[in-house]
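One structure below.
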Amino acid sequence: MRNIVLFGPPGAGKGTQSEFLVNHYGLVHLSTGDVFRFNIKNGTQLGKLAQSYMDQGKLVPDEVTISMLKAEVEKSPEAKGFIFDGFPRTTAQAEALDAFLSERDDSIEAMVALEVPEDELKSRLLARAETSGRADDADPDVIQNRINVYNAETAPVADFYRVAGKFKAVNGLGTIEEITERLVEAIDA
Ligand code: ADP
């Protein structure tokens with residue numbers, strides 16, 4: 001299988017780029033944020049729990065997120081591979097993903113990380129709030145909290161893949177097409 005982790009801070013463009021990568025490589029897109037939002041919309045127990053964290057810009061607890069992720073992977077037995085978007089976001093999640101995939105004789109091929117300066121992230125998220133309807137995009141304090149959580153808990157996940165020789169950084173500034181090209185180049189290298 002071809003499993004790619006698309007990494008980067010909130011507002012880096014992971015969702016936008018996932019669409020192109022999924023078509024290009026014929027993979028299944030798995031965004032933990034999208035799954036949580038689907039559950040919130042449908043009023044499930046998981047949605048109710050996730051919402052309290054998401055509204056504050058905090059991470060949903062690892063235990064909950066990891067078991068949801070496993071269930072989502074198991075829903076696509078025919079997949080040629082996955083684009084993981086927004087997961088893993090903690091080192092514990094990265095370790096759990098590794099263990100889960102190795103049980104299936106599988107692994108992560110690469111982590112591609114979109115690099116975008118903090119000021120640009122903030123303006124992208126505020127602009128997205130106009131159309132996304134996402135409460136966590138509309139409030140500057142929540143945005144700041146998401147960026148702080150990223151720096152403290154998520155950025156270290158890059159090291160997990162760096163020591164495994166699987167980490168590739170990509171400049172996340174430019175047109176959507178330019179960034180797609182850079183990602184494809186990094187993945188195919
Ligand atoms: P963004 O990357 O713009 O922050 P996401 O849709 O990926 O947007 O995530 C939105 C929110 O969903 C996060 O702020 C967090 O509360 C929750 N979330 C998503 N993925 C995870 C994860 N892997 N672990 C914990 N919480 C998560």
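Everything quoted here is computed from the prediction, not taken from an experiment. Ligands are counted one by one from 1 in listed order, and the atoms in each one are counted from 1 as well.
Closest to atom 15 (C) of ligand 1 among all protein heavy atoms lies K58 O, 3.5 Å. Considering only non-hydrogen protein atoms, atom 27 (C) of ligand 1 sits nearest to F36 CE1, 3.7 Å. In this structure, atom 20 (N) of ligand 1 lies nearest to the protein heavy atom T32 OG1, 2.7 Å. R89 NH2, 3.5 Å is the protein heavy atom nearest to atom 9 (O) of ligand 1. Ranking the protein heavy atoms by distance from atom 17 (C) of ligand 1 puts M54 CG, 3.7 Å first. Among protein heavy atoms, the minimum distance from atom 26 (N) of ligand 1 is reached at V60 N, 3.0 Å.
Close approach of ligand 1 to P10 is summarised as follows: ligand atoms under 4.0 Å from at least one heavy atom of the residue are 1 (P), 2 (O), 3 (O), 4 (O). Distances below 4.0 Å separate heavy atoms of F87 from the following atoms of ligand 1: 23 (N). Contact atoms of ligand 1 toward Q93: 22 (C), 23 (N), 24 (N), 25 (C) (distance under 4.0 Å to a heavy atom of the residue). Heavy-atom proximity to K14, at under 4.0 Å, picks out these atoms of ligand 1: 2 (O).
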Yes or no on salt bridge (Lys or Arg N to Asp or Glu O under 4.0 Å) for D141 and R146, after CA distance, side-chain angles and deciding distance? CA-CA 9 Å; D141 290 339; R146 286 158 67 198; over 6 Å; no
For E74 and K70, run salt bridge (Lys or Arg N to Asp or Glu O under 4.0 Å): C-alpha distance rounded to whole Å, both residues' side-chain angles, the deciding distance at 0.1 Å, then the answer. CA-CA 6 Å; E74 280 162 357; K70 290 180 182 174; over 6 Å; no
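Residues Q144 and N148 have side chains that bring a donor and an acceptor to within less than 3.5 angstrom of each other.
The shortest heavy-atom distance from M68 to ligand 1 is not under 4.0 Å.
Considering V112, V157, D85, L114 as possible partners of F7, the one that fulfils the side-chain contact (heavy atoms from CB on, under 4.5 Å) test is V157.
When every heavy atom of R182 is checked against every heavy atom of V170, the shortest pair comes out as CB-CG1, 3.6 Å. The minimum heavy-atom distance linking L97 with P88 is given by the pair CD2-CD, 4.0 Å. Listed here is the closest heavy atom pair of M68 and L46: SD-CD2, 3.8 Å. Nearest heavy-atom pair across G86 and T32 is O-OG1, 2.9 Å. Nearest heavy atoms, V73 versus L30: CG2-CD1, 3.7 Å.
The residue E153 has no part lying near ligand 1, judged by heavy-atom distances below 4.0 Å. For R146, every heavy-atom contact with ligand 1 shorter than 4.0 Å involves the side chain, none the backbone. Of the heavy atoms in R134, only side-chain atoms (C-beta onward) come closer than 4.0 Å to ligand 1. Contacts between T65 and ligand 1 below 4.0 angstrom, taking non-hydrogen atoms only, involve the side chain exclusively.
In terms of polar-atom proximity, defined here as any N/O pair under 3.5 Å, G86 does make such a contact with ligand 1.
For the pair D188 and R2, the salt-bridge criterion is met [side-chain N within less than 4.0 Å of a carboxylate O].
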